[in-house]
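Residues: numbered from 1 along the sequence shown.
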Amino acid sequence: MISTVRGPVLSIGLDHAVVEVGGVGMAVHATPNTLAGLRRGEEARLWTSLIVREDSLTLYGFAEAEARDLFGLLQTASGVGPRLALATLAVLTPDQLCTALADGNLTVLTQVPGIGKKSAERLILELRDKVGVVAGTTVAPTATVDRGRVRTEVSEALVGLGFSAKQADQSVEAVLSNGGGDLDTSAVLRKALATLGPK
């Protein structure tokens, strides 16, 4: 089990980054918010989960151990695989996810593409007693928000989640034009997904 990786970031893609560990470049899949915190050429440390399949080994990385642990917990629920678990953590912070599960909040859970009402009810039923509210994981937004950077990152994230570039651009523009100019990447992504609905 590879629990963490640490090393210089060689490249950053739409849905993954390549981190050099011991001379080996490791592709680590991550949420848009995690990728936004990485810088090419700078050292990074990610909490990771290795998913083993017959034909592949896929590494998923997170900025916090709590998010990594929730990624694993989500996959214990019926019908939830790595991609849906990652999509969930792309939309909801660990605090928001734990609170939604504990409170049985269908509205919050169905913001995630791929999670409808029945899926959300199943998640609550199976995971409600397994989560506690994770404290201290919310990252405060920076004082100055680079609107252009946020626009690009959110649009790329939506395309990575399966929406067309046109849909992504239109939804992001709608959020930014409707009082979302001071929101960070994660907040704009959540609002854009809410306008698009389940994929």
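Note: L70 CG to L92 CG = 10.5 Å, rounded to the nearest 0.5 Å. Rounded to the nearest 0.5 angstrom, L176 CG and E173 CD are separated by 6.0 Å. Atom CZ of R83 sits about 8.5 Å away from atom CG of D15, to the nearest 0.5 Å. Taking CG of L89 as the start and CG of L84 as the end, the distance is 10.0 Å to the nearest 0.5 Å. Rounding to the nearest 0.5 Å gives a distance of 11.5 Å between CD1 of I12 and OG1 of T34. Considering CG of L59 and CD1 of I2, their distance stands at 5.5 Å, rounded to 0.5 Å.
By the side chain to side chain contact (heavy atoms under 4.5 Å, CB included) test, D69 pairs with no residue at all, sequence neighbours left out. In this structure, the side-chain hydrogen bond (donor to acceptor under 3.5 Å, both in side chains) partners of R6, at least two apart in sequence or on a different chain, are E43. Listed by chain and residue number, T31, T185, S186 satisfy the side chain to side chain contact (heavy atoms under 4.5 Å, CB included) test with N33 (two or more places apart in sequence, or in another chain).
For the pair V112/L193, no side-chain contact is recorded, criterion being any heavy-atom separation below 4.5 Å from C-beta on.
Summarising the geometry of I51 relative to P82, their closest heavy-atom pair is CG2-CG, 4.0 Å, with the distance given to 0.1 Å. Heavy-atom minimum distance, V28 versus G61: CG1-N, 3.2 Å. Looking at every heavy atom in both residues, L38 comes nearest to A44 through CD2-CB, 3.6 Å. Between V108 and A100, the shortest heavy-atom distance links the atoms CG1-CB, 3.8 Å. Here the closest heavy-atom approach between residue A168 and residue S155 is recorded as CB-O, 3.7 Å. Minimum interatomic distance between V91 and P113 (heavy atoms only, all atoms of both residues): CG2-CD, 4.0 Å.
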Please test K117 against L106 for side chain to side chain contact (heavy atoms under 4.5 Å, CB included), starting from the C-alpha separation and ending with a verdict.
CA-CA 7 Å; K117 183 180 178 181; L106 294 175; 4.2 Å; yes
With side chain to side chain contact (heavy atoms under 4.5 Å, CB included) as the criterion, how do L14 and E156 come out once you've worked through the C-alpha distance, each side chain's angles and the decisive distance to 0.1 Å?
CA-CA 6 Å; L14 292 178; E156 290 178 349; 3.3 Å; yes
Verdict with reasoning, L109 to L97, per side chain to side chain contact (heavy atoms under 4.5 Å, CB included):
CA-CA 8 Å; L109 294 174; L97 177 57; 3.9 Å; yes
Can you list the steps and then say if T58 with R53 is a side chain to side chain contact (heavy atoms under 4.5 Å, CB included)?
CA-CA 8 Å; T58 308; R53 297 286 186 263; over 6 Å; no
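At a threshold of 4.5 Å between side-chain heavy atoms, the hydrophobic network of Ile, Leu, Val, Met, Phe, Trp and Tyr places L125 and I115 in two separate groups. No continuous path of hydrophobic side-chain contacts links L86 to V159 [ILVMFWY only; heavy atoms under 4.5 Å].
Residue R122 places its CZ atom among more than 12 non-hydrogen atoms of other residues, nucleotides or ligands, all under 6.0 Å distant.
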Side-chain donor/acceptor pairs under 3.5 Å, residues 72-80, sequence neighbours excluded:
{"unit_1": "Q75", "atom_1": "NE2", "unit_2": "F71", "atom_2": "O", "d": "3.1"}
{"unit_1": "T76", "atom_1": "OG1", "unit_2": "L73", "atom_2": "O", "d": "2.5"}
{"unit_1": "S78", "atom_1": "OG", "unit_2": "E126", "atom_2": "OE2", "d": "2.9"}

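The main-chain N or O of A174 is never found under 3.5 Å from a side-chain atom of S177 such that the two would form a donor-acceptor pair. With hydrogens and angles disregarded, a donor-acceptor distance shorter than 3.5 Å links the side chain of R68 to the backbone of T48.
For residues 29-54, the pairs satisfying ring-ring contact (aromatic ring centres under 6.0 Å, His included) are H16-H29, H29-Y60, with sequence neighbours left out.
L10 forms part of a hydrophobic cluster together with V18, judged by ILVMFWY side-chain heavy-atom separations under 4.5 Å.
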